[in-house]
Amino acid sequence: MKFQVEVVKSKIHRVTVTQADLNYVGSITIDEALLEAANIIAGEKVQIMDVNNGERLETYVIKGERNSGCICLNGAAARKVQVGDIVIIASYAWMDFEDAKEFKPWIVFPDTATNQLVK
């Protein structure tokens, strides 16, 4: 029998929230360089996990300015975080169970002080 499992595809591990805009229409804006490094695209569904308060939420991605360090929670999500909170951003993918055993996710560990990629 073949079946599918949902696995973590991409993760931006521990970035600092730089903005929270309650009056924007939903989503999370993420620095384009971080998106590319983590293989996440604009419009992709992501899970946000706030390390400071334990909140978890799902939203979609908007591409932010490259190398800006921008991590902005928009709309209702802005009520779940505070500027300065550390968050983990993850996306998931469905794949064949056997393929999933060999799959290696894209994981990025940016500098939490600047949200820039560590080289």
Side-chain angles (χ1 to χ4, degrees):
M1 173 168 41
K2 286 204 167 233
F3 58 96
Q4 300 261 305
V5 292
E6 188 173 23
V7 298
V8 66
K9 175 190 78 70
S10 303
K11 181 166 76 164
I12 302 172
H13 189 76
R14 298 180 63 91
V15 288
T16 302
V17 174
T18 59
Q19 297 171 275
D21 186 354
L22 183 61
N23 295 312
Y24 194 84
V25 183
S27 71
I28 182 170
T29 305
I30 302 173
D31 179 321
E32 182 179 22
L34 294 174
L35 291 176
E36 285 181 2
N39 200 32
I40 297 172
I41 60 171
E44 187 170 347
K45 178 180 169 182
V46 291
Q47 181 179 41
I48 312 301
M49 296 154 272
D50 190 317
V51 173
N52 294 78
N53 64 21
E55 287 283 355
R56 289 176 174 248
L57 61 108
E58 292 179 340
T59 190
Y60 63 92
V61 171
I62 292 176
K63 181 173 31 175
E65 182 182 339
R66 179 179 294 280
N67 299 318
S68 66
C70 178
I71 301 292
C72 180
L73 276 295
N74 300 304
R79 292 208 184 270
K80 303 273 189 180
V81 301
Q82 298 291 316
V83 171
D85 282 1
I86 303 294
V87 296
I88 298 166
I89 303 166
S91 69
Y92 303 86
W94 287 95
M95 62 182 63
D96 177 79
F97 180 75
E98 293 303 321
D99 292 339
K101 290 179 182 179
E102 304 298 321
F103 179 73
K104 301 288 185 246
W106 289 269
I107 302 177
V108 178
F109 297 92
D111 180 322
T112 56
T114 64
N115 289 344
Q116 299 299 312
L117 294 171
V118 178
K119 302 213 183 317

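Scope of the values below: all heavy atoms of this structure, side chains included, with no hydrogens, waters or symmetry mates.
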Practice task
Take Met95 and Val7 through the test side-chain contact (heavy atoms from CB on, under 4.5 Å) and record every step on the way to the result.
Solution key: CA-CA 8 Å; Met95 62 182 63; Val7 298; 3.8 Å; yes
Handout entry: Minimum-distance pair of heavy atoms, taken over all atoms of Val8 and Pro105
Key =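 Closest heavy-atom pair between Val8 and Pro105: O-CB, 3.5 Å.
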State, with a plain yes or no, whether a side-chain heavy atom of [X] is found less than 4.5 Å away from one of [Y].
X: Asp31; Y: Gln116; value: yes
X: Val108; Y: His13; value: no
X: Met49; Y: Val87; value: no
X: Asn52; Y: Ile86; value: yes
X: Arg14; Y: Phe109; value: no
X: Thr16; Y: Ile71; value: no
X: Tyr60; Y: Lys45; value: no
X: Ile89; Y: Ile30; value: yes

Problem - Pair Arg66-Glu36, salt bridge (charged side-chain N to carboxylate O under 4.0 Å, His left out): steps then yes or no - result: CA-CA 10 Å; Arg66 179 179 294 280; Glu36 285 181 2; 2.6 Å; yes
Problem - Cluster overlap Val5 with Phe103, hydrophobic side-chain contacts below 4.5 Å - result: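 Cluster IDs for Val5 and Phe103 match.
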Exercise for the section: Identify whether Leu34 and Tyr92 are in the same connected component of the hydrophobic contact network (ILVMFWY, side-chain heavy atoms under 4.5 Å). Expected result: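 No, because Leu34 and Tyr92 fall into different hydrophobic clusters, even though each may have its own neighbours under 4.5 Å.
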So does [Y] get a backbone contact from the side chain of [X], meaning a donor-acceptor N/O pair under 3.5 Å?
X: Asn115; Y: Pro110; value: no
X: Glu102; Y: Asp99; value: no
X: Asp85; Y: Gln82; value: yes
X: Lys9; Y: Asn39; value: yes
X: Ser10; Y: Ala38; value: yes

Exercise for the section: Quickly, which of Ile40, Val46, Ile88 forms a side chain to side chain contact (heavy atoms under 4.5 Å, CB included) with Lys11? Name it, please. Expected result: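 Among the candidates, only Ile88 passes.
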List, one per line, each side-chain donor-acceptor pair under 3.5 Å for residues 20-28, sequence neighbours excluded.
| unit_1 | atom_1 | unit_2 | atom_2 | d |
| --- | --- | --- | --- | --- |
| Asp21 | OD1 | Asn23 | N | 3.2 |
| Ser27 | OG | Asn74 | ND2 | 3.3 |

